[in-house]
**Q** 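Here you go, one structure.
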Amino acid sequence: ATAAERGPVVMAAASLQEALTAAADAWAAKGHARPLLSFAGSSALARQIVAGAPADLFLSADEPWMDAVAKAGLLRPGTRTTLLGNRLVLVGPASGRLRLTPAPGFPLAHALGGGRLALADPDAVPAGKYAKAALTALGVWRGVAGRLAPAENVRAAMALVEHGAAPLGIVYATDARASKRVRVVGIFPASSHPPIRYPVALLKASRHPDAMGFRNFLASREGRAIFARYGFAAP
Amino acid sequence: MLSPEEWGIVALSLKVGGVAVLACLPLAFALAWLLARHRFPGRLLLDALVHLPLVLPPVVTGWLLLLAFGPLGPVGRWLNDWFGTTLMFRWTGAALAAAIMALPLMVRAMRLSIEGVDRRLEGAARTLGAGHWHAFWTISLPLALPGVLAALVLGFARSIGEFGATITFVSNIPGETRTLPLAIYSALQVPGGEAMVTRLALLSVALSLGALLVSEWLVRRTPAERLRRGD
Amino acid sequence: MLSPEEWGIVALSLKVGGVAVLACLPLAFALAWLLARHRFPGRLLLDALVHLPLVLPPVVTGWLLLLAFGPLGPVGRWLNDWFGTTLMFRWTGAALAAAIMALPLMVRAMRLSIEGVDRRLEGAARTLGAGHWHAFWTISLPLALPGVLAALVLGFARSIGEFGATITFVSNIPGETRTLPLAIYSALQVPGGEAMVTRLALLSVALSLGALLVSEWLVRRTPAERLRRGD
Amino acid sequence: MAIEIDVEKRFGTRTIAACFTAESGLTALFGPSGAGKTSILNMVAGLLRPDRGHIRVGGRTLFGADVDLPPEARRIGYVFQDGRLFPHRRVKANLLYGYHLADPARRWMGFVEAVAFLGIEPLLGRWPQSLSGGEAQRVAIGRALLAGPEILLMDEPLSSLDAARRGDIMAVIERIRDELRLPILYVSHDRTEVDRLATEVVTLNG
Amino acid sequence: MAIEIDVEKRFGTRTIAACFTAESGLTALFGPSGAGKTSILNMVAGLLRPDRGHIRVGGRTLFGADVDLPPEARRIGYVFQDGRLFPHRRVKANLLYGYHLADPARRWMGFVEAVAFLGIEPLLGRWPQSLSGGEAQRVAIGRALLAGPEILLMDEPLSSLDAARRGDIMAVIERIRDELRLPILYVSHDRTEVDRLATEVVTLNG
Ligand SMILES: Nc1ncnc2c1ncn2[C@@H]1O[C@H](COP(=O)(O)OP(=O)(O)OP(=O)(O)O)[C@@H](O)[C@H]1O
Ligand SMILES: Nc1ncnc2c1ncn2[C@@H]1O[C@H](COP(=O)(O)OP(=O)(O)OP(=O)(O)O)[C@@H](O)[C@H]1O
Ligand SMILES: [Mg+2]
Ligand SMILES: [Mg+2]
């Protein structure tokens, strides 16, 4: 296949899978070659790019990995923009009745009972880092730090709640919205953590003529509308 | 040289790996024996089942473990009702995950050795008055020892490297389930964490090199090897 | 029954697994032979090196592959300069990752069998006029066949299940590197994707069951097994 | 003690059959290569299951209509045609394997005595694989005798021994035959051996 | 063709040594069990490396100061004391293994002829493991002869054969000795065998 038939190679954080697939479908429906979407953890993707992967676009789940690629001098200058935002929510099993509004000093430890709080690894994974920041800002981090269940990623954290292994979990609003087995117990105030932003940028190695067009499509009103359907906020 | 935290991680990895392999050993041997020596209906199915943890991505195995051993799972509920215990978020759960991932490798190694045992020697032992079990312990098992040792090395190495099933099943809790691979994963997620990754990876390598040395030393003490050296 | 996309994933998995195992086989056998038959300085180091992909978390192996075979890595640059080819984002890269992960298992299985070969039979072949290599092909190799078959099964199963090193090294490109485990990972990322996961996992199981059946059929045709059945 | 044997066993198209009664003493099984001598010893030892028939030794039924004693319950001592020493045990441990398992009251030969008349004292610390053909054969004889059996099966036990050793061991076999009155089933192609030892000769046709 | 042997080999504290020259014909190696007969055959075959010495056959040096021919270049036929049939090949394939490797011009015995005088025709399709002791021994003899060797090493080749077979095979060995004038090194404990076949007897001390 020639480059034009193949569409640009897009490396995107795994949490964007559903929404970005829908966006790519919409783009293809306009008569463009369908982009090749590769979903993995942002860290794995960033490392591949730094190692010289011949990709066109990078959508990261957080800023630091985009920064790492930028620092390696691999971004096309002037193409980086923040595409999406998200919210952090507290979830519990769908069958529960608990309501808990995350606010300074809210009784999270008490609500856990003897259980653990599921979240993405707070030392490593973006969603976990945001969660740690939020709980610290609300002054409850100390109370739960010894009772965490740090998972590989947000989806795995949510699975722990879905299967009853943890009574509560902290995930993105987009994830909670898509699962029938959990319900949102409370929403974290946006001010309690650094803004959740998904940056996108064109890579220096990009050769595909459609790459910039697809990036612009994602950032357009039409593109953002698709992401909004999946619960993503504007940045 | 190592920080106390790193020591803790190494100790935990050793505990998880050691317990996993030793606990798995009798079951693995029994399965290897069954598959090597007996023809029965469902044998192929059992063989496939044993290979399952090898074929499925580890995350899926971890997910299945969660379904079975989680608080809502059948085994998890049973464990809780009868023993008031759970494997969730415990090092014992990590050991279970490691054991299951190591099982296919251990079974295969021992099976190859058992298939190589000359059964006429067992017959000879029987004529000398050894019962079924005595012949097993004194003849069959020692002759299959190379496979058992290979199984121990493979199983331990696999346990030391186990990541996907562990983090999915018992998550990544410092001091409880954060073994070396999980610590390495955490380090890998952080931009610039490469130095830490390298350090921890070298620790893993050191551990398995140690296991290899021990096994090599044990192999040297088996009769088969002494024969080869012409002792 | 299967969607064209699913067929594509299965075909890719078969291609990656098959190529990985077959390409790995000669090297693995050579290593097994070396470790089983020869004592040389650095033997233990080589043994440890072979075990490495088992001990390190797959993600680390993938990362090391990326460093070496990526377009900027030493091997990657060399491949590009001399052959104008790259493994990045290619199914060949996925096969490389699978082969490296399968290597320790394959080497161990074959090594166990090679160690079990009665070397006096090789001597007998030599007195009958067979050169070193002829004796190898006609005596040693056929007698080690059970280990070779076990290696093929283990290696193929491991390849079919390989996830961490693959996604880290060659990413998750549909039609090119998205094998079954990567497709399963993608499905797992979608809330409510369990049905899809189950479907894909069953496909993996079917593939390895197929491999097992083929190997079982081959084993039945080896002389050792015919002997056991008293043919 | 009499041996009463009436067995039949099919291998593919070939049938091995034997029917004879032998009084206490040494019964030589004679017959061409492939006649079924080893197969008959294996059936008596319990290592090969006859298709039909019975095997009785001194009134004890080892195999019959609804009896099939496992080998370890038959109290036989078997010197195999092919040695079958345990490769993972040194000579001494091979010799003592059956000795330790036997009821002390039923042992009729001591370790030191066996080692002495077989001349294997210098071999005790060696691994079987390094033994010469005749050395291995002597160890195999010792191992069978030391288990204190009630009946001896010997499949060409002296075939690769020199004349002197052969004489020594034949003297011991005579003693076992006459003093201990153990029934012995003995396979050999050597006429002089058979003439000297056998109280009865059973001939099998190939 | 003369055989000239002068070798020494240490096993631990034990030293095997032999020094003799034998003219064409059959040289019997005689000596007690463990004297080193098999070891000497192994050294001639190239399977065991002497510590020092030389081995010459009809002017060809097989082993010497700076010569150590590999076994396949020595053109020997070796009937092992323990058979060593290839377990993964049927009897026919065992027999033909060396036959196919030999230069057709140097073969001196045909397949059909060997099968006939050894009486192994019915065994051709069988696996070695199912053979009786004597059957295996006959196949091993056939395998060695069919490789068309220039010198024969036979380690108790007739030990488990019945008198009739033994006579047949001895007749063939005589023919090989007299018509083909092949040098033969022959180990046996049977006096009648040695008396009939040997042109020379070398005695080793244990
Ligand atoms: N598993 C088997 N399948 C087919 N034939 C067999 C099997 N086992 C033994 N036989 C045949 O049965 C016959 C009897 O074998 P057996 O070993 O009892 O002979 P034997 O009298 O001891 O001969 P020898 O003196 O040569 O040792 C032989 O022809 C042998 O080939
Ligand atoms: N690897 C070894 N280590 C120690 N001793 C050995 C080794 N191999 C052989 N021997 C000893 O060397 C001696 C000669 O052995 P060899 O097999 O040549 O004897 P042989 O004359 O053929 O005896 P037999 O007639 O019993 O077969 C024996 O005492 C044997 O135990
Ligand atoms: Mg026999
Ligand atoms: Mg010998």
Side-chain angles (χ1 to χ4, degrees), chain C residues 25 29 32-33 36-40 109-152 215-231, chain E residues 38 41-49 62 69-91 93-103 106-107 125-131 139-140 142-155:
Chain C
L25 192 65
F29 191 91
W33 186 269
R37 285 289 176 92
H38 298 276
R39 299 286 172 274
F40 51 91
M110 295 194 283
R111 185 174 155 188
L112 272 172
S113 263
I114 292 169
E115 281 168 350
V117 170
D118 185 350
R119 299 183 65 170
R120 290 172 308 173
L121 293 175
E122 295 169 7
R126 301 289 294 277
T127 67
L128 289 165
H132 205 288
W133 280 103
H134 190 76
F136 171 78
W137 286 109
T138 55
I139 308 297
S140 327
L141 185 61
L143 289 174
L145 217 56
V148 175
L149 284 174
L152 286 176
S215 89
E216 195 67 22
W217 179 80
L218 284 172
V219 164
R220 262 167 222 267
R221 300 175 63 91
T222 61
E225 177 65 16
R226 270 187 291 206
L227 276 182
R228 184 162 336 132
R229 294 206 318 276
D231 183 357
Chain E
T38 301
L41 296 193
N42 282 340
M43 289 189 259
V44 176
L47 299 176
L48 185 67
R49 203 174 188 287
L62 304 185
L69 291 185
E72 66 269 25
R74 297 191 177 198
R75 316 212 55 233
I76 38 150
Y78 192 168
V79 180
F80 295 93
Q81 194 169 8
D82 56 355
R84 299 204 198 169
L85 297 181
F86 303 130
H88 61 299
R89 304 192 147 213
R90 290 178 199 263
V91 167
N94 262 281
L95 289 168
L96 290 175
Y97 189 88
Y99 187 76
H100 284 322
L101 285 168
D103 178 352
R106 301 204 160 182
R107 291 181 196 144
R126 294 262 297 277
W127 294 100
Q129 189 150 315
S130 75
L131 299 180
V139 174
R143 185 177 70 171
L145 299 183
L146 284 170
E150 280 179 0
I151 163 172
L152 268 181
L153 312 176
M154 308 188 96
D155 203 345

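Hydrogens, waters and symmetry mates play no part in the numbers below; they use all other heavy atoms, side chains included. Every chain is numbered from 1 and lettered A, B, ... according to where its sequence line falls, protein lines coming before strand lines.
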**Q** CZ of E:Arg143 to OG1 of C:Thr127: how many Å apart, nearest 0.5 Å?
**A**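 Interatomic distance, E:Arg143 CZ to C:Thr127 OG1, rounded to 0.5 Å: 6.5 Å.
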**Q** Is it the backbone or the side chain of E:Ala144 that comes under 4.5 Å from a heavy atom of chain C, or both, or neither?
**A**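 Only the backbone of E:Ala144 comes within 4.5 Å of chain C.
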**Q** Please examine the side chains of E:Arg89 and C:Thr138, heavy atoms only from C-beta on, and report whether any two atoms are closer than 4.5 Å.
**A**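 They are in side-chain contact.
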**Q** Tell me the closest heavy-atom pair linking E:His88 and C:Pro142, and the distance in Å.
**A**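 Looking at all heavy atoms of both residues, the closest pair is CD2-CB, 3.5 Å.
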**Q** Give, as side chain, backbone, both or neither, the part of E:Asp82 having an atom under 4.5 angstrom from any heavy atom of chain C.
**A**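 Interface part for E:Asp82: side chain.
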**Q** Please report the closest heavy-atom contact between C:Ala135 and E:Tyr97, naming both atoms and the distance.
**A**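 Distance-wise, the nearest heavy atoms are CA-OH, 4.0 Å.
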**Q** Specify the closest pair of heavy atoms between E:Pro87 and C:Leu143, including all atoms of both residues, with the distance to one decimal.
**A**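 Looking at all heavy atoms of both residues, the closest pair is CG-CD2, 3.9 Å.
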**Q** Is it the backbone or the side chain of E:Leu47 that comes under 4.5 Å from a heavy atom of chain C, or both, or neither?
**A**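 When you check distances to chain C, only side chain atoms of E:Leu47 fall under 4.5 Å.
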**Q** How many angstroms lie between atom CG of C:Leu128 and atom CG of E:Leu95, to the nearest 0.5 angstrom?
**A**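 Answer rounded to 0.5 Å: 10.5 Å.
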**Q** Can you confirm whether C:Arg126 sits close enough to E:Tyr78 that some side-chain heavy atom of one is under 4.5 Å from a side-chain heavy atom of the other?
**A**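 Of all side-chain heavy-atom pairs linking E:Tyr78 with C:Arg126, none is under 4.5 Å.
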**Q** Check each atom of E:Arg74 against the heavy atoms of chain C and say whether the ones under 4.5 Å are side chain, backbone, both or neither.
**A**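 Looking at E:Arg74, nothing touches chain C.
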**Q** Where does C:His132 contact chain E at under 4.5 Å (heavy atoms): side chain, backbone, both or neither?
**A**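 Backbone only.
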**Q** What part of E:Leu146 gets within 4.5 angstrom of chain C, counting heavy atoms only: side chain, backbone, both, or neither?
**A**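 Neither the backbone nor the side chain of E:Leu146 comes within 4.5 Å of chain C.
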